[in-house]
**Q** 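Here you go, one structure.
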There are 2 protein chains.
Amino acid sequence: MSQSPWQPISPPKPPRPAKAPLTRERIVDAAMRLIVEHGYDAVSMRKIAQELGTGPASLYAHVANKGELDQLLVDRAAQQMKLSDEPDPANWQEQVKDYMREMLRVMRANPGVARAAIGQVPLVEHAMLSTEKLLAILKAGRLPDQAAAWAADLLPLYVTAVSFEETVQNASNWTPADVERFVGEMRTFFADLPADRFPVTVALATALTAGAGGDERFEFGIQVITAGLASLAEPS
Amino acid sequence: MSQSPWQPISPPKPPRPAKAPLTRERIVDAAMRLIVEHGYDAVSMRKIAQELGTGPASLYAHVANKGELDQLLVDRAAQQMKLSDEPDPANWQEQVKDYMREMLRVMRANPGVARAAIGQVPLVEHAMLSTEKLLAILKAGRLPDQAAAWAADLLPLYVTAVSFEETVQNASNWTPADVERFVGEMRTFFADLPADRFPVTVALATALTAGAGGDERFEFGIQVITAGLASLAEPS
DNA sequence: GGCAGGGTTCGAACGGTGTTCGTTGACGAA
DNA sequence: TTCGTCAACGAACACCGTTCGAACCCTGCC
């Protein structure tokens with residue numbers, strides 16, 4: 001207050017520190033780093049901004065909103081997919097399975113991406129390129145157009161759902177021992193249900209809790225779906 | 001009373017209005033009403049409390065947290081599933097499909113429940129009873145124990161994922177006209193892609209955008225999965 | 001060289017979220 | 001009647017995504 005009246009009050013000009021300019025690229029980088037390290041829910045616009053040494057408002061000059069950022073994350077992940085060689089009509093079923101395995105691998109390598117991807121038609125570049133590849137494999141398998149198109153929706157949906165499930169369950173970094181203990185508890189929970197009302201559940205308690213964390217359950221899923229697709233192929 | 005003038009100030013005692021007591025039941029009722037009417041994202045502890053004429057803190061005497069409330073909502077929905085008659089070995093594939101149709105029906109009738117259910121092992125009463133039914137059908141279909149168990153995981157996962165997808169896309173009450181316009185835009189978007197890099201996508205533009213809102217795509221999915229399961233049945 | 005203008009940066013704020021704290025009040029048991 | 005218990009609740013905490021407006025920097029034109 002006691003400043004002299006004639007003195008314009010704005011003396012403390014902290015010079016804007018020279019920083020690397022903000023870009024879409026750097027924002028997605030930071031978001032990806034955080035998501036891999038702390039999971040989807042722990043990633044907010046504020047945290048990303050903090051990671052970049054700025055405020056949340058700065059991000060909105062490069063990204064429309066969090067939804068768009070999610071799409072960019074999906075694209076970044078899709079970019080990591082190693083897509084195979086030419087579609088091979090003799091081998092299409094195995095190629096479909098490989099596609100799904102590769103998709104799951106990438107989603108596991110980028111936890112949280114599944115959460116961003118689910119329920120979104122992938123309209124970004126690399127995601128669409130991988131869909132193109134999948135469609136080519138399906139057509140090589142002599143699937144009718146409509147079946148191929150819907151399958152290109154069904155397959156990623158399954159993989160994404162599986163990955164999403166894993167994301168939710170792996171929330172807050174369980175150790176393998178934790179998982180094993182939890183699965184054990186669940187098995188005895190199933191086994192101890194009243195046998196008159198849950199006869200089959202009790203009988204299958206072991207099977208129901210088998211392969212919870214591993215790949216067997218996923219392999220089962222892609223086997224079922226691929227076999228189901230094969231039944232729709234046109235005769236050669 | 002008759003306290004001296006320097007009495008501690010706390011005179012205005014508005015009498016607590018006599019209200020119907022809060023119960024778990026009434027909380028779930030209110031949440032269900034709101035979720036059906038406004039969708040999952042519009043439902044918060046505050047809104048639920050407001051609907052009940054109280055504050056959010058009051059809810060926590062009956063419900064541990066929002067996650068538990070989600071589980072209760074899932075159970076409430078599972079309760080609405082009309083589960084069929086006895087498992088019929090001759091008809092098990094159709095029974096599996098009916099089960100999935102019924103599950104989707106209930107999830108559509110309770111938008112947002114899919115969001116609460118995905119990635120959660122259903123350990124609440126009615127959800128488990130429906131799983132028991134499903135397992136019985138699968139065993140009637142002569143599936144090996146392990147296949148039946150994993151299928152009982154795969155099938156609800158698919159239905160939930162489909163419903164979740166619909167939930168996300170139907171966010172903010174699109175009219176059928178809106179949907180049609182959007183689908184049309186997407187079709188031309190696919191059709192106008194560079195044909196050298198997206199040959200199959202361009203060729204299948206129509207098929208890719210067919211049956212977006214209807215049941216055909218879902219019917220395709222359950223057909224594929226059921227056929228795939230059938231291929232795993234043990235010979236009778 | 002000076003200057004206008006457009007994009008970038010960013011502090012502050014808005015309206016929302018889930019959850020917790022400490023107090024209040026009603027009611028059943030002693 | 002008194003006491004103890006526990007549901008109810010107002011207020012607050014620490015967040016969230018997003019917007020606004022002012023300051024700032026760089027570029028291109030006169």
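Model, not experiment: these values are computed from the prediction. Per chain, numbering begins at 1; letters A, B, ... match sequence-line order.
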**Q** Between D:dA8 atom C1' and B:R26 atom CZ, what is the distance in whole Å?
**A**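 Taking atom C1' of D:dA8 as the reference, CZ of B:R26 is at 13 Å.
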
**Q** List the atom of B:R217, the atom of B:G211, and the distance in Å for their closest heavy-atom pair.
**A**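 Shortest heavy-atom separation between B:R217 and B:G211 comes out as CB-O, 3.8 Å.
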
**Q** Quick one: B:I48 CD1 to C:dT19 P, roughly how many Å, whole number?
**A**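 Checked: the CD1 to P distance equals 11 Å.
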
**Q** Rounded to whole angstroms, how far apart are CG on A:L59 and C1' on D:dC16?
**A**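 Result: 14 Å.
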
**Q** Who are the side-chain contact (heavy atoms from CB on, under 4.5 Å) partners of A:N65, not counting sequence neighbours?
**A**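 Scan of A:N65 (side-chain contact (heavy atoms from CB on, under 4.5 Å), adjacent residues dropped) gives A:E68.
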
**Q** For D:dC15, does OP1 or OP2 lie under 4.0 Å from any side-chain N or O of A:K47?
**A**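 No, because none of the side-chain N or O atoms of A:K47 sits under 4.0 Å from OP1 or OP2 of D:dC15.
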
**Q** Which residues pass the ring pair (Phe, Tyr, Trp, His ring centres under 6.0 Å) test with B:F198, not counting sequence neighbours?
**A**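 Scan of B:F198 (ring pair (Phe, Tyr, Trp, His ring centres under 6.0 Å), adjacent residues dropped) gives none.
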
**Q** List for me each residue that meets salt bridge (Lys or Arg N to Asp or Glu O under 4.0 Å) alongside A:E132, sequence neighbours excluded, and say none if there are none.
**A**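 Here no residue qualifies.
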
**Q** Compare side-chain N and O positions of A:S44 against OP1 and OP2 of D:dG17 and report whether any pair is under 4.0 Å apart.
**A**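 Yes, A:S44 has a side-chain N/O under 4.0 Å of OP1/OP2 on D:dG17.
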
**Q** Give the table of side-chain donor-acceptor pairs shorter than 3.5 Å for residues 183-194 of chain B, with sequence neighbours excluded, one pair per line with atom names and distance.
**A**
from: B:E185; atom 1: OE2; to: B:R181; atom 2: NH1; distance (Å): 3.3
from: B:R187; atom 1: NH1; to: B:T209; atom 2: OG1; distance (Å): 3.4
from: B:T188; atom 1: OG1; to: B:E185; atom 2: O; distance (Å): 2.9

**Q** What salt bridge (charged side-chain N to carboxylate O under 4.0 Å, His left out) pairs are there with at least one residue in residues 69-81 of chain A, not counting sequence neighbours?
**A**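 Passing the test, one end in residues 69-81 of chain A: A:E25-A:R76, A:D29-A:R76.
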
**Q** Could you list all N or O pairs between the protein and nucleotides 10-12 of chain D that sit under 3.5 Å apart?
**A**
from: D:dA12; atom 1: N6; to: B:R46; atom 2: NH2; distance (Å): 3.4

**Q** State which residues pass ring pair (Phe, Tyr, Trp, His ring centres under 6.0 Å) with B:F220; sequence neighbours excluded, sorted by chain then number.
**A**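 So B:F220 forms a ring pair (Phe, Tyr, Trp, His ring centres under 6.0 Å) with A:W150.
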
**Q** Grab the OH-C1' distance between B:Y60 and C:dT23 for me, whole Å please.
**A**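 The distance from OH of B:Y60 to C1' of C:dT23 comes to 19 Å, rounded to the nearest Å.
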
**Q** In whole angstrom, give the distance that lies between atom CZ of B:R24 and atom P of D:dC6.
**A**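 Roughly 17 Å, once rounded to whole Å.
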
**Q** Tell me the interatomic distance from B:M45, atom CE, to C:dG15, atom C1', rounded to whole angstroms.
**A**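 The distance from CE of B:M45 to C1' of C:dG15 comes to 19 Å, rounded to the nearest Å.
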
**Q** A:Q50 CD to C:dG11 C1': how many Å, rounded?
**A**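 Value for this atom pair: 15 Å.
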
**Q** Which residues pass the side-chain contact (heavy atoms from CB on, under 4.5 Å) test with A:A77, sequence neighbours left out?
**A**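 Only A:M32, A:V106, A:N110, A:V113 meet the side-chain contact (heavy atoms from CB on, under 4.5 Å) criterion with A:A77.
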
**Q** Please list, by residue number, the residues of residues 61-75 of chain A whose heavy atoms come closer than 4.0 Å to an atom of DNA chain C; answer none if no residue qualifies.
**A**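 The stretch gives A:A61, A:H62 as the residues lying under 4.0 Å from the strand, ordered by number.
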
**Q** Roughly, in whole Å, what's the span from CD1 in A:I27 to C1' in D:dG17?
**A**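 It is 15 Å, rounded to the nearest whole Å.
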
**Q** Indicate yes or no: does A:D41 engage A:R115 in a salt bridge with an N to O separation below 4.0 Å.
**A**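 A salt bridge is present here (some side-chain N lies under 4.0 Å from a carboxylate O).
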
